[in-house]
Q: 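One structure is given below, represented as structure tokens, and several questions about it will come after.
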2 protein chains.
Amino acid sequence: MDVRAKILHEATRLFAMKGVDGTSLQEISDAVGVRKPSLLYHFPSKEALHSSVLEHLLSRWNESLPRLLKAAAREDRFDAILDETIEFFAADVDRARLLLREALDRPAEMRELLRAHASPWLGIVAESIKKAQHEGSMLKEADPEAYVMQVINLVVGTFAVGPLLQVLVHSRGQHEVDARLVRELKRVARAALVSRRN
Amino acid sequence: MDVRAKILHEATRLFAMKGVDGTSLQEISDAVGVRKPSLLYHFPSKEALHSSVLEHLLSRWNESLPRLLKAAAREDRFDAILDETIEFFAADVDRARLLLREALDRPAEMRELLRAHASPWLGIVAESIKKAQHEGSMLKEADPEAYVMQVINLVVGTFAVGPLLQVLVHSRGQHEVDARLVRELKRVARAALVSRRN
DNA sequence: CCTACCGATCGGTAGG
DNA sequence: CCTACCGATCGGTAGG
């Protein structure tokens, strides 16, 4: 792994864990194993590094988009899309944490970022739900747009603060997200859209 | 309002908005209208101020507990408890933001805090769901503990990042939490627990 | 509740 | 990619 990639990796880890404001360039440099000015050679400023971290996250998301669109074309599209979304965040909990922090710290910028990168396919999913409602295969009481946003809220929250939610749901691992929480997340999302088992 | 209360209020606002690490004592002092050393007379350190802010939030929660327990005794306990919980966070979105930031920044401390202050009544709610499952009035597929945690996840997320979730659900207000999101939150929570309307 | 001041750390630059 | 260094700001203290 070259230095630039290592900087990006450690910055992502630390930003997700302690926030951008809570992380100093010195800490990142130490984690990478270079001096601070070397880091500033690869990324001209902390702000530039921050932007690069977010762009990297978005590019990962774009990578998984084809798989998600393929899932949306399947018969059981609902479960397939949900599974793909869950898998994206499960693959690296830093993604959910970073996204949630960004939403809290810079709501206006995050809003624009979501509008540009997520809105299109969110709209597609919402439309597909509306269609299923007309066909009678999904509950007509559901508000498709609000439903999609709440499912994302649920998924991101589960992976970002999952280990903490296990106060009550105490199973083995303290640091990995509990399987029960993920199972219940899927069940809740599904039960709110279709009235009965399968 | 005396100085101490004003400091607590402005600190809460700024901590919720920009995080503890992202807020300087100088900013808080400026917002209150005193000099920094004056602030440090009322609260001996930033850490002490931070603790006081959290304690104040918890005492508000304890204040609303009686109402919540009264709600749990009603016939329609499920909707009543959910409504009371939603109302608590709706009354001041800083509460949800502060809680979520704390969960991200200090998961271990937050865990202990939840275990001490929330775990008891979370257990009561979970037990009440189990009872209803045995009586057949609630879906037996639900995992009561995981369900309760996911509903909290949903409520806190809705109020903490709600204005942002309105990328798709675009109604009027940009800064208040959309009524559609709250309605859908209630519907999802309910549909995941009872199979049919009322 | 204030003025005056402290060492430490911040993001960032000069120059090689 | 490094050493050396910068002004600004950080949380906090002395003393009144």
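The sequence lines fix the lettering, A, B, ..., with proteins before strands; numbering per chain opens at 1.
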Q: Charged N to carboxylate O under 4.0 angstrom, B/E145 versus B/K130?
A: yes
Q: Can we say A/D105 and B/R101 salt-bridge, meaning some charged N sits less than 4.0 Å from an Asp/Glu carboxylate O?
A: yes
Q: If you pin A/P44 and A/E27 to their nearest nucleotides in DNA chain C, which one's is more 5'?
A: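 The 5'-side residue here is A/E27.
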Q: Could you write out DNA chain C as dot-bracket? Rules: Watson-Crick or G-U wobble, both distances under 3.5 Å, brackets [ ] for crossings, | for pairs with another strand, dot for unpaired.
A: ||||||||||||||||
Q: Whether A/D83 and A/K186 form a salt bridge (side-chain N of Lys/Arg under 4.0 Å from carboxylate O of Asp/Glu) is what I want to check.
A: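 Judged by the 4.0 Å cut-off on N to carboxylate O distance, A/K186 and A/D83 do form a salt bridge.
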Q: Closer than 3.5 angstrom, by distance alone: can the side chain of B/S52 be matched with the main-chain N or O of B/A48 as a donor-acceptor pair?
A: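 Present.
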Q: Please identify the 5'-most and 3'-most nucleotides of DNA chain C with any atom under 4.0 angstrom from a heavy atom of chain B.
A: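 Under 4.0 Å from chain B, the extent on DNA chain C is C/dC1 to C/dA4.
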Q: Look at the aromatic rings of B/H50 and B/F15 and report parallel, tilted or perpendicular, splitting at 30° and 60°.
A: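 Taking B/F15 first and then B/H50, their aromatic rings stand perpendicular (interplane angle over 60°).
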Q: Would you indicate whether B/E47, at its atom CD, is surrounded by more than 12 heavy atoms from other residues, nucleotides or ligands within a distance under 6.0 Å?
A: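 Atom CD in B/E47 is not packed in, count stays at 12 or less.
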Q: Given side-chain contact (heavy atoms from CB on, under 4.5 Å), test B/F78 with B/V194 step by step and report yes or no.
A: CA-CA 10 Å; B/F78 172 77; B/V194 292; over 6 Å; no
Q: Report which part of the nucleic acid B/L25 touches: base, sugar-phosphate, or nothing (heavy-atom distance under 4.0 Å, all strands).
A: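 Counting heavy atoms under 4.0 Å across all strands, the contact made by B/L25 is with sugar-phosphate only.
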Q: When all nucleic acid strands are considered with a 4.0 Å heavy-atom cut-off, which category describes B/T23: base, sugar-phosphate, or nothing?
A: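 It contacts sugar-phosphate atoms only.
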Q: Identify the residue among B/L154, B/L185, B/V155 that makes a side chain to side chain contact (heavy atoms under 4.5 Å, CB included) with A/N153.
A: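 Testing A/N153 for a side chain to side chain contact (heavy atoms under 4.5 Å, CB included) against B/L154, B/L185, B/V155 leaves exactly one candidate, B/L154.
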Q: So A/S38, base contact, sugar-phosphate only, or nothing? Heavy-atom distance under 4.0 Å.
A: base
